[in-house]
Engineer: 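Structure incoming, see below.
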Amino acid sequence: MAHCRKAFRLGKFLKDVDSLRKSRATGYLYLLEALAYGGEGVLAKAGVLSAEQEKQLAYLSVWWEFIGYTGSISLSLIKLRELSYKEAILHASFEQKRVQQGVLDMSLNRQLASVRALKALRTAAIVQDIADAAIAINDILGGDLPMLGHPVTLALAGLLSGSISAHKNWNA
């Protein structure tokens with residue numbers, strides 16, 4: 001497993017442990033959360049899985065992550081298109097009021113700014129998912145692609161993803 005992937009998995013593991021720690025679920029819901037947040041990392045660290053089982057589960061996990069990134073990118077593109085449509089309508093309304101009535105509608109202007117900010121965040125999420133998917137593809141293929149498997153490429157993808165995540169969480 002590449003160093004970039006190990007750092008990614010460590011960060012994910014720490015986030016998942018924190019999520020489990022903060023969980024208020026009980027019974028079967030806690031088991032589902034443990035499976036969702038724990039995955040192979042918690043099970044392996046707890047000694048429930050052998051090294052070979054952990055390796056196999058990690059491979060399956062990377063595939064599921066890749067599928068998840070694909071779904072997330074698709075949904076984000078749909079939401080981005082909806083936001084673009086909303087932006088066009090708001091912009092047309094704003095311009096219509098400005099030209100016909102000579103009025104700058106500050107309420108429409110704030111709504112327009114809000115939609116543009118949401119578009120920027122959605123675009124950043126797409127870029128982040130593409131960077132994470134590239135790392136997952138490298139792991140699925142075992143680092144066999146010369147350009148994608150290069151340590152600099154993987155480090156830059158991880159840095160890009162981490163930077164976007166930090167920006168989103170900083171503003172949250």
Engineer: For Ser161 versus Gln128, what's the shortest heavy-atom pair and its separation?
Structural biologist: O-NE2, 3.2 Å
Engineer: How long is the straight-line distance from NE2 of His91 back to OG of Ser84, given to the nearest 0.5 Å?
Structural biologist: 13.0 Å
Engineer: Is there a continuous path of hydrophobic side-chain contacts, each under 4.5 Å between heavy atoms, that joins Leu141 to Leu148?
Structural biologist: yes
Engineer: Is it possible for you to say whether Leu121 and Ile164 belong to one hydrophobic cluster, with membership spreading through side-chain heavy-atom contacts below 4.5 Å?
Structural biologist: no
Engineer: What is the minimum heavy-atom distance between Ala136 and Phe66, and which atoms define it?
Structural biologist: CB-CB, 4.2 Å
Engineer: Do Trp63 and Leu60 make a side-chain contact, defined as non-hydrogen atoms from C-beta onward lying under 4.5 Å apart?
Structural biologist: no
Engineer: If you round to the nearest 0.5 Å, how far is CG of Leu108 from OG of Ser93?
Structural biologist: 6.0 Å
Engineer: Within the structure provided, determine whether Arg81 and Leu77 are in side-chain contact (heavy-atom separation under 4.5 Å).
Structural biologist: no
Engineer: Sequence neighbours excluded, which residues qualify as side chain to side chain donor-acceptor pair (under 3.5 Å) partners of Tyr85?
Structural biologist: none
Engineer: Say you draw a straight line from CG of Asp132 to CD1 of Ile135; how long is it, rounded to the nearest 0.5 Å?
Structural biologist: 5.5 Å
Engineer: Any side-chain heavy atom of Leu104 sitting closer than 4.5 Å to one from Asn109?
Structural biologist: no
Engineer: Working to the nearest 0.5 Å, report the span between CG of Leu75 and OG1 of Thr70.
Structural biologist: 11.0 Å
Engineer: Please table the atom pairs, donor to acceptor, closer than 3.5 Å between any side-chain atom in residues 110-118 and protein atoms at least two apart or in another chain.
Structural biologist:
unit_1 : atom_1 : unit_2 : atom_2 : d
Arg116 : NE     : Glu87  : OE2    : 2.7

Engineer: Atom CG in Leu145, atom CD1 in Ile137: separation rounded to 0.5 Å?
Structural biologist: 8.5 Å
Engineer: Among Gln96, Lys97, Arg98, which residue satisfies the side chain to side chain donor-acceptor pair (under 3.5 Å) criterion with Asp105?
Structural biologist: Lys97
Engineer: Pairs of donor and acceptor atoms involving the side chains of residues 149-159, under 3.5 Å and at least two apart or interchain, shall be tabulated with distances.
Structural biologist:
unit_1 : atom_1 : unit_2 : atom_2 : d
His150 : ND1    : Val152 : N      : 3.1
Thr153 : OG1    : Met147 : O      : 2.9

Engineer: Roughly how far, to the nearest 0.5 Å, is the NZ atom of Lys119 from the CG atom of Leu83?
Structural biologist: 7.5 Å
